[in-house]
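What follows is a set of notes on a single structure, which appears directly below.
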Number of protein chains: 2
Amino acid sequence: MGGHSMATLRDVAREAGVSVATASRAINGLGNVTAPTRAAVMAAVKKLNFVPHSGARSLTRRKTDTVGVILPDLFGEFFSEIIRGIDLVAHESGMHLLLGNMHGSTHETAAAIAAMRGRVDGLLVMPPDLKPELLADYLDPALPTVLLNYDAGPLDLPFVAVDNYQGAYRMTEALLARGAKQVVHIAGPKHNRDARDRQRGFTDAMAKIGGVRTPAILPGDFSEESGAQAARLLVQGQLPADAVFAANDQMAVGLIAALAEAGKSVPGDIMVAGFDDIPLARHLNPSLSTMQVHIDRLGSTAMMMLLRMLRGETLGAANATILTPELIVRGTTGGPIADGVAGGGQP
Amino acid sequence: MGGHSMATLRDVAREAGVSVATASRAINGLGNVTAPTRAAVMAAVKKLNFVPHSGARSLTRRKTDTVGVILPDLFGEFFSEIIRGIDLVAHESGMHLLLGNMHGSTHETAAAIAAMRGRVDGLLVMPPDLKPELLADYLDPALPTVLLNYDAGPLDLPFVAVDNYQGAYRMTEALLARGAKQVVHIAGPKHNRDARDRQRGFTDAMAKIGGVRTPAILPGDFSEESGAQAARLLVQGQLPADAVFAANDQMAVGLIAALAEAGKSVPGDIMVAGFDDIPLARHLNPSLSTMQVHIDRLGSTAMMMLLRMLRGETLGAANATILTPELIVRGTTGGPIADGVAGGGQP
DNA sequence: CTGTAAAGAGTAACCGGTTACAACGTCCAA
DNA sequence: TTGGACGTTGTAACCGGTTACTCTTTACAG
């Protein structure tokens, strides 16, 4: 109802017969307003259907109650989980989320960050493959910022990351403990930080525990199809292997399907392991062994750090949080060993 | 580098020795500025590391280049797909997304919408179970708004929805065509619009095609667990059934697992069908027959409509788009029938 | 040589709120 | 009665940009 564009504070003030200052004070519940005056203002608010203009408000208050979130192009699961984690914490503090769209290119990243100025109180950024120096140029040092999955050492910014190296190391260790002699790794995209760390973890574990200097590594790009491709290479190339460790679950899924087509049994002929624990993992048949990453915690932890900064604390790289993934043993590696640890099982 | 808080246009103007107006024009590339003047301004911009304050800018321009997105608490897959769809289109037009957090409660919905005022140029709202009248109170009639999965008839707002009724009808039809005599439906949450429409589609199809007046319907809530529960009821209660149509895939997944535990074979003893086509569906063993809903298109279509409105077009309920889900026949209903229609098959 | 148009640059109002400061009125003590 | 303290309300500046309008200056036609 009412006019074309919305009522402003001035309109309310006029309607209530008071000044804008008084109207503002009444609306914001500041003490120094008489009861009848406040009532008059409130009546005008109701009548005109007034809603404060958050844009204008944040200009003077120098506070937007919004945090900017800049993520790269993410595969569904990961994206939604991280946002969910952020939102969970943000919501409790009445914060809104402004999603910047940086689709790949470095240039767009800069633009996305610039567009945030004056619209957010803080920033959550996940710079996929950006040099720290460049990042420094883009970021406003006065704007509280937390990095996701990225250690920008020299910048001294707080960050939250997953211990990919450790996770890959432990998974490889587990495969070897299961009796695998020839473990093959399917790597992720070359430029990708997570992928590289996982590969290093694998290589190191193979060297230190398995005593293998140059383990076999097949290329991949985190996609299901690239996992299938690796499987074909494996089978046709006669590459000897009794276990495959894919850098993520997605590829493991493609791998398993392709192995099945080639007549190989999992885990009979070959064991398979992934990384991430996507929801699909437990539903596969056999179910997929993997390293569980609580992606949502990545987001919620980062958001909590940012909130602390907004409250005035000064956080730096020293406050970084490293999340350790958890080993989940399922069917593709032969199932959990009943070594008397876990209780509650049927005799 | 530089001072504590960022440089303003005034600072730039002073540094370049021109007025703010000229600085503004130079920065925005308006024609009426001499080359040397523009150069001087640009130099100052570089030197001071100036980035325009989007908040202030949008106040005068009356344009924020942002659309507000208000969604209920959504299960992961759905949420991320819808956002992805929206972002895809928004990004092309250089728009940003402001996520409002309305976690369930009606009161929060109102707050979320109100908080958007002055921060967005338009709104994309998915009101889960809100009465149209209430919605009318909350929404600003002057703000272009598109509804998701919601037909607010009397409000005359454009919306995008999935034809749940039609989809359920067609799926039921398909099950009957497969020879099922006793089809049981597992319903979704009572208050949920989609769930109700799907149930109606099922009931009508059973009546018109199957000649069954009161088909068996088991309660559910869209969760995996409720699907499993339904399976137990089915088996223990000796409810005669040769096919089950779950109102969504999630429940179908739980159902299948529980049926397997009970020693029932799918599709041998009993056929199973779902709705949504979540990524998991094709990976199950046997793979799940379902109605494919392109959730991302729900988002992208809505965003495209909103863009048209922002360009000045006037859209109403008459411009609604109804997305028709597609029947995907897979293993849980016995696999596609090779009835000579689809080409390209091996002889 | 003068009149005028066009282009470049400046002044100040404005977007819609918030808030420092001043003005006003009331009540009470001296 | 008067002065001071206190509490309510109004005036106006301000947040950081944009832009209508005005003032100069320069170029060019008459």
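The model shown is predicted, which means the values in this text are computed figures rather than measured ones. A, B, ... follow the sequence lines: proteins, then strands. Residue 1 opens every chain.
Partners of D121(A) by salt bridge (charged side-chain N to carboxylate O under 4.0 Å, His left out), not counting sequence neighbours: none found. Under the salt bridge (charged side-chain N to carboxylate O under 4.0 Å, His left out) criterion, E313(A) pairs with R308(A), not counting sequence neighbours. Take D296(B) and apply the salt bridge (charged side-chain N to carboxylate O under 4.0 Å, His left out) test, not counting sequence neighbours, and it matches no residue. Applying the side-chain hydrogen bond (donor to acceptor under 3.5 Å, both in side chains) rule to S24(A) yields the partners N28(A); only residues at least two apart in sequence or on another chain are considered. With sequence neighbours left out, H53(B) forms a side-chain hydrogen bond (donor to acceptor under 3.5 Å, both in side chains) with no residue at all. Contacts of T321(B) classified as side-chain hydrogen bond (donor to acceptor under 3.5 Å, both in side chains), with partners at least two apart in sequence or in another chain: none. A search for salt bridge (charged side-chain N to carboxylate O under 4.0 Å, His left out) contacts involving R10(B) returns nothing, not counting sequence neighbours.
The base of dG17(C) is paired with the side chain of R10(A) by a donor and an acceptor separated by under 3.5 Å.
Residue T8(B) places no side-chain N or O under 4.0 Å from the OP1 or OP2 atom of dC15(D). Taking side-chain N and O atoms only, R62(B) has a distance below 4.0 Å to OP1 or OP2 of dG16(C). Remark: T37(A) is not in phosphate contact with dT8(D), judged by side-chain N or O atoms under 4.0 Å from OP1 or OP2. An OP1 or OP2 oxygen of dG17(D) is reached within less than 4.0 angstrom by no side-chain nitrogen or oxygen of S58(B). In this structure, T60(B) does not reach the dG16(D) phosphate: none of its side-chain N or O atoms is under 4.0 Å from OP1 or OP2.
The stretch residues 18-27 of chain A touches DNA chain D through V18(A), S19(A), V20(A), A21(A), T22(A), R25(A), each having a heavy atom under 4.0 angstrom from the strand.
Contacts of R38(B) with the nucleic acid, taken as non-hydrogen atoms under 4.0 Å apart, are absent.
Classification of R14(B) and D11(B) as a salt-bridged pair holds, one side-chain N sitting under 4.0 Å from a carboxylate O.
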Quiz prompt | Worked verdict on D194(A) versus R196(A) for salt bridge (Lys or Arg N to Asp or Glu O under 4.0 Å) | solution = CA-CA 5 Å; D194(A) 303 276; R196(A) 286 202 311 248; over 6 Å; no
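Remark on DNA chain D: of its neighbouring residues N28(B) and G17(A), the 5'-side contact belongs to G17(A), judged by nearest-heavy-atom nucleotide.
From one end of the helix from dC1(C)-dG30(D) to dA30(C)-dT1(D) to the other, with five pairs defining each end axis, the axis direction shifts by 70° (rounded to 10°).
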